[in-house]
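In what follows, chains carry the letters A, B, and so on, assigned in the order in which the sequence lines appear, proteins first and then strands, with residues in each chain numbered from 1.
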Amino acid sequence: MAVGVHKLVTAAEAVARFVTPGAVVGMGGQNINRCPMALVHEVARQGLGDLAVVGCNLSVPLDILVACGLVARTEHGSGNLERYGTLFAWRRAAEAGSIEVRDHSHLAMATRFAAGAIGVPFMPTRSLLGTDVLRGLIDLDIARLMDFDGQPIVLMRALTPDVSLIHVHQADPLGNAVIEGVTSHEVDMVRASRATIISAEEIVPPGSLGERPERVTISEAYVSAVVHQPYGAYPTSAYRRYDFAEDEIKAYQAVARAGGAEFDHWIRRYVLEPERFDDYLDLRDPDAVRRLAMSSSMRSML
Amino acid sequence: MSQLTSDQTGRQQATRAEICVAACADTWIGAGEVLASPIGIVPAVGARLARLTSAPDLVMSDGEALLIMDVPKLGATGSDVGVIEGWLPYRRVFDIVAAGRRQVMMGASQIDRYGNQNISAIGDWRHPAFQLIGVRGAPGNTVNHRTDYWVPRHSRRVFVERVDVVSGVGHDRARANGAAAARYHDVRVVVTDLAVLDFATPDRSMRLRSVHPGVTVEQVQLATGFPLVVEDVTETRLPNADELHLIRDVIDPAGLRNRELPS
């Protein structure tokens, strides 16, 4: 007899239940790849503020939350969209002192998540030796400099987010999830988190991942809620499903760079006002031209 | 093949960007079978050129998760990347970094005479006057494996007496932090739009190795906010006709290199 807890809910239900004001939010995805855009739009719509957003290469989902005034602190290795530039709302807020930025390096963040994932209080690393970043992190009691066999070694404090948000390719209703292509820091991050919300391109029947169980990237044991959301990473990419939507990324960067009333209007019109993520997709990509056009070269690999 | 002139081939002489590509490519000579991680367009063209010429052992990825056997043109995705030989998700890159089986060329918002690099912030790390991109991989890269830098606009804003937030570790900082920091530290070359610089001096301070054709030593020193070690400066080599063909027709037919570094 098949048993298990079915966790399939709407984004609104999942976010209302597992994201609280003041939470440490683990952000999945990397720059223009598989960011949990649908879940982040929902957090913004519900206005859950005072968040600490943590991850490796934080990109447009962080920028949207900052633009909505919901972020108190970021911990990361970078805040950027690679060739499309820095995150502008994040940068403005950092320079204005309205958010606290704790710039760690990608490796230091991955090290902290790895410690959290295996339940130890810290993880040693050679990284950060000789940098000014280390001094800052020591002041914040996030890192310690120790001696091992007469040599300095850095201990990074474990990071255990209150809730992580990630977007995956496939999930069953119990939360067993498959990520194809790049898995970033997020596998360790999820294992370190108290709760995790997954949005998935595709929901598959319970037990259907059993044919190739080694493909299951994240076990249901780590997953709190599952949301079905095709194109849930748009305008970032989902490997072998759809490429990133360059026009949309550029449009966002242009309006975010400009800031002011124009940017506020954009956030209101496309993030806060649409009732569901599908409404945003239809507004920004009527007839799904961008979503479908970007799939052709990837489809040829299937 | 000998140096190229437009008369022999009927093609344009090497652009500044192409000279920089060749200089970047030369940083990978002798790297062996390591993961090549070039950040930026000119370094990316350079690494691919090296793999096709002087450093065929380099392990390269498609920039996402695949290790690729072919050398695709810049910007290729999906089936355009050619033959796939393996899978390297981002998390595993950290294990490769820690094991040192990697060589990277990164950017620098600021760099000092000992190769300390800053991409974190201008001003204080806690209270930045100007928030930069973030330290990314710089701390781990510089203490674990060879790291070179690419600076597309050589200026006193970049080449400074003292960087605001040391992100990538320079030679003095590595020395001061014992064998744990210094053992695998290998910051070797800085390629800019004007010159190639290195740290081949007794105290590991920055030396002007070569100037690009048409650039003077004085010009480089004027654009640098600290005194460079200047002795036996040569002229940066030109890419040969084979290399120009690979750069222009195979690796970067869209000419992205000339957008990062206009001639």
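- For a residue to count as touching a neighbouring chain, one of its non-hydrogen atoms must lie under 4.5 Å from one of that chain's; by this rule A/Ile32 does not touch chain B.
- With respect to chain B, the highest number of heavy-atom pairs below 4.5 Å among A/Val101, A/Thr86, A/Val133 belongs to A/Val133.
- With hydrogens and angles disregarded, a donor-acceptor distance shorter than 3.5 Å links the side chain of B/Arg146 to the backbone of B/Thr27.
- Residue A/Arg135 touches chain B through its side chain alone, counting heavy-atom pairs closer than 4.5 Å.
- Under the 3.5 Å distance criterion, the side-chain polar atoms of A/Arg191 are left unmatched by any main-chain donor or acceptor of A/Tyr222.
- Residues B/Leu67 and B/Leu35 are in side-chain contact: their nearest non-hydrogen atoms beyond the backbone lie under 4.5 Å apart.
- Heavy-atom pairs under 4.5 Å with chain A peak, among B/Ala179, B/Ala182, B/Ala181, at B/Ala179.
- Interface remark: A/Glu82 contributes side-chain atoms only to the contact with chain B (heavy atom separation under 4.5 Å).
- Heavy-atom distances place the side chain of A/Asp188, and not its backbone, under 4.5 Å from chain B.
- Minimum interatomic distance between B/Leu74 and B/Ala44 (heavy atoms only, all atoms of both residues): CD1-CB, 4.0 Å.
- Using a 4.5 Å heavy-atom threshold, the side chains of A/Arg34 and A/Glu186 count as touching.
- Judged purely by atom type and a 3.5 angstrom limit, A/Asp243 has no side-chain atom pairing as donor or acceptor with the backbone of A/Ser237.
- When each of A/Ser78, A/Gly130, A/Gly181 is scored by its heavy-atom pairs under 4.5 Å with chain B, the top score falls to A/Gly130.
- Contact annotation for A/Glu95: both backbone and side-chain heavy atoms come within less than 4.5 Å of a heavy atom of chain B.
- For A/Leu140, the part sitting under 4.5 Å from any heavy atom of chain B is the side chain, from C-beta outward, and nothing else.
- Looking at A/His167 and A/Glu201, their side chains come closer than 4.5 Å, going by heavy atoms from C-beta outward.
- What you find for A/Phe113 and A/Pro161 is that their closest heavy atoms are CE2-CG, 3.9 Å.
- By number of non-hydrogen pairs under 4.5 angstrom with chain B, the leading residue of A/Ser184, A/Gly136, A/Ala114, A/Gly150 is A/Ser184.
- Shown here for A/Pro36 and A/Leu165, the closest heavy-atom pair between the two residues is CG-O, 3.4 Å.
- In this structure, chain A has a heavy atom under 4.5 Å from the backbone of B/Leu132, while its side chain stays farther away.
- By a heavy-atom distance cut of under 4.5 Å, B/Trp125, B/Arg126, B/Pro128, B/Ala129, B/Phe130, B/Gln131 are the residues of residues 122-131 of chain B near chain A, going up by number.
- For the pair B/Ile119/B/Arg136, a side-chain contact is recorded, criterion being any heavy-atom separation below 4.5 Å from C-beta on.
- Proximity to chain A (any heavy atom under 4.5 Å) is shown, for B/Ala180, by both the backbone and the side chain.
- Atom CZ of A/Arg144 has 12 or fewer heavy atoms from other residues, nucleotides or ligands within 6.0 Å.
- By a heavy-atom distance cut of under 4.5 Å, B/Val97, B/Ala98 are the residues of residues 95-112 of chain B near chain A, going up by number.
- A salt bridge between A/Arg73 and A/Glu75 is present, with a side-chain N of the basic residue lying under 4.0 Å from a carboxylate O of the acidic one.
- For a heavy-atom cut-off of 4.5 Å, chain A lies close to B/Asp164, B/Val165, B/Val166, B/Ser167, B/Val169 in residues 147-170 of chain B.
- Using the six-membered ring where Trp is involved, B/His171 and B/His185 have ring planes that are perpendicular, over 60° apart on the 30 and 60° scheme.
- The six-membered or imidazole ring of B/Tyr114 lies away from that of B/Phe199, with a centre-to-centre distance of 6.0 Å or more.
- A/Leu70 places a side-chain heavy atom less than 4.5 Å from the side chain of A/Leu65.
- When each of A/Ser127, A/Ser105, A/Gly79, A/Ala94 is scored by its heavy-atom pairs under 4.5 Å with chain B, the top score falls to A/Ser105.
- With hydrogens and angles ignored, the 3.5 Å screen pairs a side-chain donor or acceptor of B/Arg48 with a backbone N or O of B/Lys73.
- Heavy atoms only, all atoms of each residue included: A/Ile198 and A/Ala171 are closest at CG2-CB, 4.4 Å.
- Within a 6.0 Å radius of CZ in B/Phe226, other residues, nucleotides and ligands contribute more than 12 heavy atoms.
- With a threshold of 4.5 angstrom between heavy atoms, B/Ala138 does not approach chain A through any atom at all.
- Counting only heavy atoms from C-beta outward, the side chains of A/Thr111 and A/Leu107 approach each other to under 4.5 Å.
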Distance-only check: which donor-acceptor pairs under 3.5 Å involve side-chain atoms of residues 250-257 of chain B, not counting sequence neighbours?
residue	atom	partner	partner atom	Å
B/Asp252	OD1	B/Gly255	N	3.3
B/Asp252	OD1	B/Leu256	N	3.0
B/Asp252	OD2	B/Leu256	N	3.0
B/Asp252	OD2	B/Arg257	N	2.8
B/Asp252	OD2	B/Arg257	NH1	2.8
B/Arg257	NE	B/Glu18	OE2	3.2
B/Arg257	NH1	B/Asp252	O	2.8
B/Arg257	NH2	B/Glu18	OE2	3.0

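- By number of non-hydrogen pairs under 4.5 angstrom with chain B, the leading residue of A/Ile179, A/Asp103, A/Thr125 is A/Asp103.
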Trace of the salt bridge (charged side-chain N to carboxylate O under 4.0 Å, His left out) decision for A/Arg102 with A/Glu100: CA-CA 7 Å; A/Arg102 296 177 177 176; A/Glu100 183 190 355; 2.9 Å; yes
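- Neither the backbone nor the side chain of A/Ala96 comes within contact range of chain B, judged by heavy atoms closer than 4.5 Å.
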